[in-house]
Amino acid sequence: MKLSKWFGKKTNNNSELEPQHESEINTEHPLDTDTNLSVGDVSKSSLKALVFKLLPLVNTQHFPSGIFGQISVEVTNSLDIRIGVPFKPEHYRSELTEGLKEALRHKSVLSDQKQTDEAIAAKLLKSVINFYYEPTELAPSQPAQAKLVIVVSSGKGGVGKSTVTSNLAVTLAKQGYRTGVLDADIYGPSMPLMFGLQGKNVVTHDEKTMEPFYQHGVYLNSIGFLIPEDKATIWRGPMASRALMQVINETNWPELDVLLVDMPPGTGDIQLTMSETVKSHAGIVVTTPQNVALADAEKGIQMFNKVNIPVLGVVENMSQFICPSCGAEHDLFGRDGGAKCAEKHQIPLLGQLPINAMVREAGDEGCPWALKESNYEYEKMALSLIMQLSKRSPKTISIS
Ligand SMILES: Nc1ncnc2c1ncn2[C@@H]1O[C@H](COP(=O)(O)OP(=O)(O)OP(=O)(O)O)[C@@H](O)[C@H]1O
């Protein structure tokens with residue numbers, strides 16, 4: 001079937017389609033300019049060994065102990081240190097540097113040969129530490145040229161799956177990852193609305209393939225650009241599946257770091273097939289804290305298990321309502337249900353997001369909330385995804 005069948009009137013406004021240059025990765029950030037200092041017989045290898053010993057002990061706001069799975073450390077001839085991390089370090093340099101220094105206070109670090117160790121520790125404190133981004137090498141996935149394809153699912157409709165996807169996408173983009181969103185929610189595609197592109201039709205240059213829109217730093221294609229808005233809910237069965245396959249297979253995605261796939265709610269055959277079709281690396285389950293949603297979230301986890309897609313974690317949305325006038329917390333949908341579900345299945349709880357009227361308003365206005373507000377929960381979630389996926393990489397630690 002020719003793709004042109006699905007095209008309505010073509011929009012000529014390509015401003016949302018313009019790709020942006022990948023943000024420059026500034027890798028240099030001197031901790032200290034005193035690089036000539038030398039302490040006794042400190043060698044490159046002893047300094048490196050100390051850094052490896054410290055990394056698992058780093059415990060800060062964004063980096064709980066043990067989070068570093070895959071790191072490479074180099075020590076230069078002037079005994080300065082370069083640490084390759086699997087995420088963009090721009091926002092975290094001072095936190096990581098402080099975390100390393102703080103870890104030096106850990107009793108187990110300076111052990112037997114106390115004097116030598118202290119000399120190395122003193123050198124470390126005076127060293128220039130550079131953190132740089134060393135991308136995780138995962139096998140490329142189809143259909144998109146994305147290093148990581150993550151499907152976002154929910155057992156139940158209306159729990160905020162699309163809201164979480166859009167906010168997570170703009171957060172990843174803000175952090176410098178080339179991010180795409182594939183809105184595969186055939187029952188009610190909401191990404192066009194959430195990204196301020198409602199009413200737009202797909203754009204093609206060759207009548208065979210589609211160009212993704214580029215909006216708020218995110219590449220986006222949605223089943224909603226193909227299906228007439230008022231028909232979305234009655235598009236079931238073969239028609240929807242065919243359109244979906246086209247969005248999946250015939251979009252000209254650029255090379256992406258992360259592609260988030262917003263799935264239709266539920267855990268039936270269609271979701272099962274889709275999880276396999278998009279060849280995802282991992283899945284996320286979004287839920288609200290009440291029992292009825294949790295039972296469905298469990299089904300979501302089972303669905304991923306069935307098709308061997310690792311579950312990166314659970315996001316508990318609408319965790320509580322914080323009264324804007326008095327600050328009192330109300331558990332409208334119960335408490336900690338997502339946390340318990342994550343614990344039961346021994347998977348991470350990626351975030352607990354409160355009910356916030358501004359989140360809904362921002363979504364309705366076509367400008368996801370996390371784009372305007374710096375949001376700790378979303379930042380933590382973005383980082384957590386990148387870190388989790390780096391742990392799954394087959395690459396080994398390099399100790400050059
Ligand atoms: N944390 C939140 N605070 C306030 N409103 C929220 C929050 N999360 C989601 N909403 C609102 O709840 C409604 C449903 O959210 P959303 O469309 O993201 O759910 P969904 O799970 O994707 O639904 P469906 O699967 O049926 O498409 C939207 O109006 C959205 O703005």
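Indexing begins at 1, ligand by ligand and atom by atom, following the structure's order.
Not close to ligand 1: Glu361, with no non-hydrogen atom less than 4.0 angstrom away.
For the residue pair Ser127 / Asp80, no side-chain donor-acceptor distance below 3.5 Å is found, with atom types taken as modelled. In the model, Thr288 has no side-chain atom that pairs as donor or acceptor with a side-chain atom of Asn317 under 3.5 Å. In summary, the side chains of Asp206 and Thr204 do present a donor paired with an acceptor at a separation below 3.5 Å, with no hydrogens or angles considered.
Considering backbone and side-chain N/O of Ser162, one or more are found under 3.5 Å from N/O of ligand 1. Annotation: Gly157 places no N or O atom under 3.5 Å from an N or O atom of ligand 1; distance criterion only. The shortest N or O to N or O distance between Ala357 and ligand 1 is not below 3.5 Å. For ligand 1, one of its N or O atoms has an N or O atom of Asn356 under 3.5 Å away. Here's the thing with Ser154: none of its N/O atoms is less than 3.5 angstrom from an N/O atom of ligand 1. Annotation: Pro354 places an N or O atom under 3.5 Å from an N or O atom of ligand 1; distance criterion only.
The single protein non-hydrogen atom nearest to atom 24 (P) of ligand 1 is Gly158 N, 3.6 Å, given as residue, atom name and distance. When hydrogens are left out, the protein atom nearest atom 9 (C) of ligand 1 is Thr163 OG1, 3.4 Å; that is the closest non-hydrogen contact. In this structure, the protein non-hydrogen atom closest to atom 6 (C) of ligand 1 is Met318 CE, 4.1 Å. Among protein heavy atoms, the minimum distance from atom 17 (O) of ligand 1 is reached at Met194 CE, 3.8 Å. Protein heavy atom closest to atom 11 (C) of ligand 1, with residue, atom name and distance, is Arg360 CG, 4.2 Å. What sits closest to atom 20 (P) of ligand 1 on the protein, heavy atoms only, is Lys161 N, 3.5 Å. In terms of protein heavy atoms, atom 7 (C) of ligand 1 is closest to Asn317 ND2, 3.8 Å. Closest protein heavy atom to atom 27 (O) of ligand 1: Asp185 OD2, 3.1 Å.
Nearest heavy atom pair, residue Tyr378 against residue Asn167, reads CZ-CB, 3.3 Å.
A salt bridge links Lys380 with Glu377: the distance from a Lys NZ or Arg NE/NH1/NH2 to an Asp or Glu carboxylate oxygen falls below 4.0 Å. The pair Lys372-Glu365 meets the salt-bridge criterion, with a side-chain N (NZ, NE, NH1 or NH2) lying under 4.0 Å from an Asp/Glu carboxylate O.
Using a 4.5 Å cut-off between side-chain heavy atoms of Ile, Leu, Val, Met, Phe, Trp and Tyr, with links allowed through other members, Met263 and Ile248 fall into the same hydrophobic cluster.
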Assess the residue pair Val51 and Ile83 against the criterion (side-chain contact (heavy atoms from CB on, under 4.5 Å)); give the C-alpha distance rounded to whole Å, side-chain angles, the decisive distance to 0.1 Å, and a yes or no. CA-CA 9 Å; Val51 174; Ile83 302 181; 3.8 Å; yes
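Counting non-hydrogen atoms of neighbouring residues, nucleotides and ligands closer than 6.0 angstrom, the CD atom of Glu343 reaches no more than 12 such neighbours.
A cation-pi contact, defined as under 6.0 Å to the ring centre and within 45° of the axis, is absent between Arg178 and Tyr219.
Atom 30 (C) of ligand 1 is flagged as protein-proximal [any protein heavy atom, distance under 4.0 Å].
If you number the atoms of ligand 1 from 1 as listed, the ones under 4.0 Å from a heavy atom of Pro265 come out as 25 (O).
Counting only distance, with no hydrogens or angles, the side chain of Asp183 and the backbone of Met191 share a donor-acceptor pair below 3.5 Å.
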